[in-house]
There are 2 protein chains.
Amino acid sequence: MGTTQLESVPEPKYWHLKTVLTEALDSEFSVGEILPNERDLAARYGVARATLRQALEQLELEGRLQRRRGVGTTVAPPRMGVAVGTSRHTWPGAGGDVWQPVDCVRSVPPASVAAALETGGEEVHIVRRSRTSHGRSVATELLYVPAASVPDLTAIDAPSGPSRARAVLRELHRLELDGQDRAVELGSAGADDARELDRLPGSPVLVLTTRFHAAGRTAALSVATYRADTCRLTFGDSPDVEIHDDPARRAS
Amino acid sequence: MGTTQLESVPEPKYWHLKTVLTEALDSEFSVGEILPNERDLAARYGVARATLRQALEQLELEGRLQRRRGVGTTVAPPRMGVAVGTSRHTWPGAGGDVWQPVDCVRSVPPASVAAALETGGEEVHIVRRSRTSHGRSVATELLYVPAASVPDLTAIDAPSGPSRARAVLRELHRLELDGQDRAVELGSAGADDARELDRLPGSPVLVLTTRFHAAGRTAALSVATYRADTCRLTFGDSPDVEIHDDPARRAS
DNA sequence: GAGTGGTCTAGACCACCCA
DNA sequence: GGGTGGTCTAGACCACTCG
């Protein structure tokens, strides 16, 4: 009978709440401002705390909010553009590199990495590097370098540590780079990465995998993990745009 | 005294559960296989259903699981590599393009798009396209084309619809492309995109923004939305590697 | 209609930060 | 110690799919 069901799809509460909060963020709050706590917000909007949190999680995923345990929820600045390379291919650690060598060990890589490098169960050099921007740690990287790619590496340097990392990179640069290819996918931060990136374990991250080709092989493999909440990975291929940090960090 | 607290950081249950489930997926299940339902799984592992769901959500985020309401939870195949361009720059819709024109309207773009295009409050052409791979819809795109970029566009074609979309692209190709730059970031699917991609609203997506430069301006702006759970965006710059489906994703 | 995942509630306790 | 967000529980109902 006449029950014209116009709203046949009732919007979930957390979805509607997210919309409401987004508008509030745009109009009533400025970057860095601290929001009321979750219990108060939930009461204000007449929902359970869990429902409110579902909305906040979405907003954090979109980079609109930042939540820190023991502190509170703040309005996040716009995501920063992080340059991850131009069309010109260069070795990691080449001039002008923004990465900081942290460590280097010799170990057997994960199976997926070993497959890409076509090393069997052999040990490879694993260089650990980190990247900061605006004083914040934004990414960590594991660079897998087969022993065959750095044949002349000697033991004159320390067996591990930053200086060893630099030595491996130096040797790697002696190869002629034929090309590289990349892939970006969504991941979640492991315990180590989470600590390094000042996030909770399981936080969403953008994983940028780069294969470096030289001498007909994959000479090195880089797996870089970027904070997904604060970073926008930019592939600047046009001449006039390089690193482009968002100029405006203030709203309203 | 004497309480040597070795495990000062008790692992959250959902985190441990995720690890256990990951190992189970690797060893006891094969792709496409359906898991026990959430209530049974929660009971088996002695946790509340909400806690189990927290673990499942993580695994879905990592592309290991796929959940569908009314059906069940299945083991997801490895993410597919989706090629999103080489170092050679081409206009969208150029030869060999994998996108399917869907629609075209004239409308005022969002403020952020208008800023990038340096159009004021003017209307632009908005071409909607979709992309499928292996029979699945994997991405939707909105291509914003200022009227100034297609000055000779006539009204001989339909005012909207796929044929109009093709006409806009055809006119766009008459410009000489100077370059392009891209950015990738994490987003969440809006209601429209979610329907198109066969996901729930709010699902994580990878947003690939491409600016096309011609005649000293930004001649067009593409905002492509890829399913983050099933897609790995590949930037194939080396000659021998194109689309590369991951063969093995097994650990230890 | 039976079974699935999705949403929502009202509580509780814990880990962390800071005054 | 007081306040924050993070984790966890045990329930309930809803929306969807499929036989």
Side-chain angles (χ1 to χ4, degrees), chain A residues 5 7-19 21 33-61 64-76 188-189 191 194-195 198-204 229, chain B residues 5 7-19 21 33-61 64-76 188-189 191 194-195 198-204 229:
Chain A
Q5 191 145 355
E7 272 309 314
S8 64
V9 181
E11 209 172 37
K13 276 191 185 177
Y14 79 90
W15 186 257
H16 178 244
L17 195 49
K18 182 193 140 189
T19 308
L21 288 172
E33 197 168 339
I34 190 166
L35 265 60
N37 72 52
E38 297 184 349
R39 290 162 181 86
D40 286 352
L41 277 179
R44 172 179 314 185
Y45 290 106
V47 298
R49 191 177 156 219
T51 304
L52 174 83
R53 280 180 59 81
Q54 211 170 342
L56 294 184
E57 265 149 36
Q58 284 256 347
L59 290 171
E60 194 178 25
L61 195 78
R64 300 295 310 262
L65 292 180
Q66 188 153 350
R67 296 191 287 174
R68 276 183 302 165
R69 170 155 51 180
V71 178
T73 302
T74 56
V75 181
S188 59
R195 202 176 319 107
D198 190 27
R199 298 259 58 202
L200 288 175
S203 304
D229 56 342
Chain B
Q5 191 146 352
E7 274 308 314
S8 63
V9 181
E11 210 171 36
K13 276 191 186 177
Y14 80 91
W15 186 257
H16 179 245
L17 194 49
K18 181 193 141 188
T19 308
L21 289 172
E33 198 168 345
I34 190 165
L35 266 61
N37 71 54
E38 297 183 349
R39 290 162 181 86
D40 286 352
L41 277 179
R44 173 179 313 184
Y45 290 105
V47 298
R49 189 177 157 219
T51 304
L52 174 82
R53 279 179 60 80
Q54 210 171 341
L56 294 184
E57 264 150 36
Q58 285 257 345
L59 290 171
E60 195 177 25
L61 196 78
R64 300 295 311 262
L65 292 180
Q66 188 153 352
R67 297 191 288 174
R68 275 184 303 164
R69 169 156 50 179
V71 179
T73 302
T74 56
V75 181
S188 59
R195 202 178 317 110
D198 191 27
R199 299 258 58 200
L200 288 175
S203 303
D229 57 342

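This one's a predicted model, so the numbers in the text were calculated from it and none came from an experiment. Every chain is numbered from 1 and lettered A, B, ... according to where its sequence line falls, protein lines coming before strand lines.
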Write down the distance between [atom1] ([X]) and [atom2] ([N]), rounded to a whole number of angstrom.
X      : N      : atom1 : atom2 : result
B:R199 : C:dG5  : CZ    : P     : 14 Å
B:R69  : D:dC16 : CZ    : C1'   : 6 Å
B:L35  : C:dT4  : CG    : P     : 12 Å
A:E57  : C:dC8  : CD    : C1'   : 14 Å
B:E60  : C:dG5  : CD    : C1'   : 10 Å
B:E38  : D:dC14 : CD    : P     : 18 Å
A:L52  : D:dG6  : CG    : P     : 11 Å
B:Q54  : C:dG5  : CD    : P     : 17 Å

Would a 4.5 Å heavy-atom cut-off, applied to side chains only, mark [X] and [Y] as touching?
X     : Y     : value
B:T73 : B:L41 : no
A:Q58 : A:W15 : yes
A:L21 : A:R64 : no

Does [X] have a side-chain nitrogen or oxygen under 4.0 Å from the phosphate oxygens OP1 or OP2 of [N]?
X     : N     : value
B:T73 : C:dG5 : yes
B:N37 : C:dG3 : no
B:T51 : D:dT7 : no
A:Y14 : C:dT7 : yes

Would you mind telling me which residue lines up with the more 5' stretch of DNA chain C, A:R49 or B:R68, judged by nearest nucleotide?
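That would be B:R68.
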
Would you classify [X] as touching base, sugar-phosphate or nothing, given that sugar-phosphate means primed atoms plus P, OP1 and OP2, and contacts are heavy atoms under 4.0 Å?
X     : answer
A:R39 : base
B:L56 : nothing
B:R53 : base

Among [options], which is the nearest nucleotide to the side chain of [X]?
X     : options              : answer
B:K13 : D:dC8, C:dC8, C:dG5  : D:dC8
B:A50 : C:dG6, D:dT9, D:dG5  : D:dT9
B:A48 : D:dT9, D:dG6, C:dA10 : D:dT9
B:V47 : D:dT9, C:dA12, C:dT9 : D:dT9
A:P12 : D:dG6, D:dT7, C:dC8  : C:dC8

Could B:K18 and B:E11 be called an ion pair, given the rule that one side-chain N must be under 4.0 Å from one carboxylate O?
no

Spatial distance of atom CD (B:Q66) from atom CG (B:L59) [nearest 0.5 Å]
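The CG atom of B:L59 is 13.0 Å from CD of B:Q66, to the nearest 0.5 Å.
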
